Amino acid sequence: MEFGFSLVPTPDIAAHRELVTVAEEIGLDLVGVQDHPYAPTQVDAFALIGTLLEHTERIRFFPDVASLPLRPPAVLANTAATLDLASGGRFELGIGAGGYWRAIAGMGVPELKPAAALDALGEAMEIMRALWSPDQPTVRLRGEHHTVNGVHAGPPPAHPINIWVGAQGPRALRFTGRLADGWAAPIPSYLPYEAWPEANSLIDQAARAEGRDPAAVMRMAQVVGTITTTPGELPEHGSDPVRGTPDQWAGFLAKLAIDQPFTTFIFWPEQQSIEQVVRFATEVVPLVKERTPNGVVYAHER
């Protein structure tokens, strides 16, 4: 099991450096940096990840999730490999087919229908994996949306970079089960809590149909909320934030780990602060681990 938090990439770079340094010191595993290049209040996720990797030694980073339509896959592959090499293997790639299409199109990118955007993501993943492979001197792949014609592969990353797909529709979930290294579940405002079991089931089914072990597809639960000092009412469905004590948070996350195949948990604090991240790492995470002894009981293994 791994634990981390989601970071909103505001222009306050110094505050982000302080926050991730503390997160590393208190034992968190991951930092997800949100990626909205069209938002005037946010800086570039990849550039920010680069500077935060430079100021840390152990904790890993990933865009949560990168907007593929705004980045050509061959260039994205090089960026990812560079960040991974510079950090000694601490970069993973969260990616999506494109969510805010009005904003994406406003930056000059032709809008795609959901099915076409997913096809484009599949082509991009094939290109990136080929370019990361040291066994292919040149890469020639022709797709409907993305093509490379004789691009020299490399440099290979420091470790096999995981591709974690942000998916919510049935077709995208089946795509994830067939091709992705993991599922970065959208926050509940996009995919409500009650839809998570069926989403995991679709991923399991698609993985098996592809001849894959469903457990090979990492599942990441991303939970929005606030850690409080007084008990609250936890949501069982819908998209309301989780607002409760560390004990309530631990029960909520442990249930996800036991009832569903989630092994990674990303805390999205409603108000980003060192205090909330510290409370998650030091008060919630130990309780979750206590309540899931001997590892996670995968729902798809029962």
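All of these numbers come straight from a predicted model, not from anything done at the bench. For the single chain, residues carry numbers from 1 onward in sequence order.
- In this structure, Thr82 contributes its side chain and Asn78 its backbone to a donor-acceptor pair below 3.5 Å.
- Taking Ile, Leu, Val, Met, Phe, Trp and Tyr as members and joining any whose side-chain heavy atoms lie under 4.5 Å apart, directly or through other members, Leu287 forms no hydrophobic cluster with any other residue.
- Applying the 6.0 Å contact sphere to CD of Glu198 captures more than 12 heavy atoms from other residues, nucleotides or ligands.
- Looking only at side-chain heavy atoms (C-beta outward), Met218 and Asn162 stay at 4.5 Å or farther from each other.
- Side chains of Gln276 and Thr226: no donor on one and acceptor on the other come within 3.5 Å.
- Side chain to side chain, Thr41 and His36 fail the donor-acceptor criterion of an N or O pair below 3.5 Å.
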Acceptor/donor pairs from residues 146-156 side chains to any protein atom, 3.5 angstrom cut, sequence neighbours excluded:
from: Thr147; atom 1: OG1; to: Gly143; atom 2: N; distance (Å): 3.3
from: Thr147; atom 1: OG1; to: Gly143; atom 2: O; distance (Å): 3.3

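- Looking at His16 and Thr10, their side chains come closer than 4.5 Å, going by heavy atoms from C-beta outward.
- Each side chain to side chain donor-acceptor pair (under 3.5 Å) pair with one or both residues in residues 116-131, not counting sequence neighbours, appears once here: Asp119-Arg171, Arg129-Asp181.
- Applying the ring-ring contact (aromatic ring centres under 6.0 Å, His included) test to residues at least two apart or on different chains, the pairs with a partner in residues 153-176 are Phe62-Trp164.
- For the salt bridge (Lys or Arg N to Asp or Glu O under 4.0 Å) condition, no pair includes a residue of residues 100-115, sequence neighbours left out.
- Sorted pairs that involve residues 153-164 and meet salt bridge (Lys or Arg N to Asp or Glu O under 4.0 Å), not counting sequence neighbours, are lacking altogether.
- Remark: Glu275 pairs with no residue by the salt bridge (Lys or Arg N to Asp or Glu O under 4.0 Å) rule, at least two apart or across chains.
- Looking at every heavy atom in both residues, Glu283 comes nearest to Pro246 through OE1-CG, 3.1 Å.
- Under the ring-ring contact (aromatic ring centres under 6.0 Å, His included) criterion, Phe91 pairs with no residue, sequence neighbours left out.
- Residues Leu52 and Leu7 meet the side-chain proximity criterion, which asks for heavy atoms closer than 4.5 Å.
- A salt bridge (Lys or Arg N to Asp or Glu O under 4.0 Å) check over residues 69-97, counting only residues at least two apart or in different chains, returns the pairs Asp35-Arg71, Asp44-Arg71, Arg60-Glu92.
- Applying the salt bridge (Lys or Arg N to Asp or Glu O under 4.0 Å) rule to pairs touching residues 14-32 yields nothing, sequence neighbours excluded.
- Of the possible donor and acceptor atoms, one in the side chain of Trp196 sits under 3.5 Å from a partner among the backbone N and O of Leu191.
- Arg212 pairs by the salt bridge (Lys or Arg N to Asp or Glu O under 4.0 Å) definition with nothing, not counting sequence neighbours.
- Residue pairs meeting the side chain to side chain donor-acceptor pair (under 3.5 Å) criterion with at least one partner in residues 230-246, sequence neighbours excluded, are Arg243-Glu270.
- For the pair Phe5/Asp64, no side-chain contact is recorded, criterion being any heavy-atom separation below 4.5 Å from C-beta on.
- With a 4.5 Å cut-off on side-chain heavy atoms, Ile227 and Phe267 count as touching.
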